[in-house]
Amino acid sequence: MSDQLPPLTALRAFESAARHMSFAKAAEELHVTPAALSFQIKALEQHLGAPLFVRLNRAVKLTEAGKTLAPGASDGFQALTAAWRATRRLQDHTTLTVTAGPAMTAKWLAPRLYDFARAHPDIELRLAASLRMVDLERDAVDVAIRFGYGADDGLYSVPVRKEWLTPVMSPELAEKYRTPESLKDAPLIFDDSIAFLTPPCDWPTWFRAMGIKFTPSRGAHFSNADHAIDAAATGAGVALGRRPMIIKDLLEGRLVAPFKVAIETQARFRFVCLPGAETRPQIAAFRDWFLAEIEKTAHISDGFSIIPVEDIPPA
């Protein structure tokens, strides 16, 4: 038997029909008539010497040969599409797609993007706020700003400053809760988006860092860090705020951080792209701007006693 591949158009018709389990839907996707699609699949079956589909009255199903071919055809076209997309992106020096978490986007990136756009009017920046771990080889994304412990194997990755957390509240609440001990009676806000951190960087940990025996059990819980910080800024309670999420509100006076003790996590943000892509003009420009912006606000740590979380005694 010959290993010569059949025509690509016939394989494409089969892959689409197998994915939809419908000749009509596949024809619509490929912008051909059902008759043309059926002809392509029949040509593929003749090339193979065996049927790939069982034709029923209003549906089709795969034969054993079809079931064997379908996964490889699907993977092959996905890989081909990803390679073509990546190749096209190499030729594009004006568009930049960046993904970051919703909180990082809302509290840190979005308020600063005007400066980047003004400095680089030739770059069309597209920002995707998502917690989904994108595949930089397959997805139409150039840069990911990731937070956590990832090693980013096989990728170009630039780690930035470690994160720290400290209690933040509105100026009005700060007048009422003047000491760390007084927070035992304060309405506490919990940011559940950092529950994955190990060791934990939560309210019980912060109280232990202050030498206070207290394990809070009640308070408002938020799944997004920016929502927790916004609630604190309105006076709803006291939140443990991560440095990049609170900088703007601190500088503009909506929040205060009266107790200059912070917990330093072992996690950090990283600037991530495909290896070699860091030399593309728009990616290099965004990386340099991103790192410079972080350094501009490094002074926010001045005056804080920052305690690595691993140095805090466990409960």
Side-chain angles (χ1 to χ4, degrees), residues 5 8 11-12 15 19 70-105 108-110 112-113 116 120 123-164 193-199 201 224-225 242-245 264-295 308-310:
L5 287 175
L8 190 63
L11 282 170
R12 187 72 181 91
E15 187 277 333
R19 180 162 33 86
S74 177
D75 290 346
F77 278 105
Q78 285 184 28
L80 186 59
T81 299
W84 178 250
R85 184 182 295 127
T87 304
R88 288 184 61 189
R89 277 166 35 201
L90 286 177
Q91 317 311 314
D92 181 0
H93 301 303
T94 61
T95 302
L96 177 66
T97 302
V98 177
T99 184
M104 179 64 169
T105 299
W108 197 93
L109 272 175
R112 292 170 168 77
L113 286 181
F116 178 81
H120 301 280
I123 297 177
E124 179 185 341
L125 182 63
R126 300 173 182 174
L127 195 59
S130 174
L131 291 175
R132 185 174 72 87
M133 185 69 75
V134 300
D135 185 332
L136 293 172
E137 290 186 339
R138 293 180 177 270
D139 296 323
V141 173
D142 300 300
V143 171
I145 306 301
R146 293 178 174 170
F147 177 72
Y149 305 105
D152 303 316
D153 292 337
L155 298 172
Y156 174 85
S157 179
V158 181
V160 298
R161 292 174 176 268
K162 286 186 178 180
E163 292 305 299
W164 51 254
S193 71
I194 56 172
F196 71 94
L197 292 177
T198 304
C201 295
N224 288 346
R242 287 159 53 197
R243 182 178 57 86
M245 310 305 171
E264 183 182 70
T265 77
Q266 293 182 338
R268 60 176 62 194
F269 281 100
R270 292 104 60 211
F271 175 100
V272 180
C273 66
L274 291 176
E278 73 276 7
T279 62
R280 290 169 57 197
Q282 69 272 48
I283 293 181
F286 186 79
R287 176 200 57 202
D288 294 346
W289 171 84
F290 176 73
L291 297 176
E293 284 295 314
I294 290 173
E295 291 307 311
V309 66
E310 60 270 23

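Counting heavy atoms from C-beta on, the side chains of R242 and W164 never come closer than 4.5 Å. Residues P199 and Q266 are in side-chain contact: their nearest non-hydrogen atoms beyond the backbone lie under 4.5 Å apart.
Side chain of D142 to main chain of T97: a donor-acceptor pair is present (N/O by atom type, distance under 3.5 Å, no hydrogens or angles). Looking only at distances, no side-chain donor or acceptor of T99 sits under 3.5 Å from a matching main-chain atom of A144. A side-chain donor-acceptor contact under 3.5 Å links Y149 to the backbone of T198. With hydrogens and angles disregarded, no donor-acceptor distance shorter than 3.5 Å links the side chain of R270 to the backbone of V158.
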Hey, can you pull the donor-acceptor pairs under 3.5 Å for the side chains in residues 70-83, sequence neighbours left out?
unit_1 : atom_1 : unit_2 : atom_2 : d
S74    : OG     : Q78    : NE2    : 3.3
T81    : OG1    : F77    : O      : 2.8

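Below 30°, between 30° and 60°, or above 60°: for F271 and F290 the angle between ring planes is between 30° and 60°, a tilted geometry.
The two atoms that bring P102 and A129 nearest to each other are CA-CB, 4.0 Å, heavy atoms only. Scanning both residues, V272 and S157, for their nearest heavy atoms gives CG2-OG, 3.9 Å. Scanning both residues, V143 and C273, for their nearest heavy atoms gives CG2-CB, 4.4 Å. When all heavy atoms are compared, the tightest approach of V134 to R146 is O-NH2, 3.0 Å. Across L131 and G101, no two heavy atoms sit closer than the pair CD2-CA, 4.1 Å.
Atom CD of E278 and atom CG of D288 lie 11.0 Å apart (nearest 0.5 Å). Going from atom CG of L125 over to atom CG of L127 covers 6.0 Å, rounded to the nearest 0.5 Å. R243 contributes atom CZ, which lies 6.5 Å from atom CZ of R161 (distance to the nearest 0.5 angstrom).
In this structure, a donor-acceptor pair under 3.5 Å is present between the side chains of R287 and Y156.
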Under the side-chain contact (heavy atoms from CB on, under 4.5 Å) criterion, do V141 and V98 qualify, and how do the steps go?
-> CA-CA 6 Å; V141 173; V98 177; over 6 Å; no

What do the steps show when you test I123 against T95 for side-chain contact (heavy atoms from CB on, under 4.5 Å), and what is the final call?
-> CA-CA 6 Å; I123 297 177; T95 302; over 6 Å; no

Decide yes or no on side-chain contact (heavy atoms from CB on, under 4.5 Å) for V309 and C201, but give the supporting numbers first.
-> CA-CA 7 Å; V309 66; C201 295; 3.8 Å; yes

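A salt bridge links E124 to R126: one of the charged nitrogens lies within less than 4.0 Å of a carboxylate oxygen.
In this structure, the ring-ring contact (aromatic ring centres under 6.0 Å, His included) partners of F147, at least two apart in sequence or on a different chain, are F269.
Partner of L96 under the side-chain contact (heavy atoms from CB on, under 4.5 Å) criterion, chosen from R280, Q282, H120: Q282.
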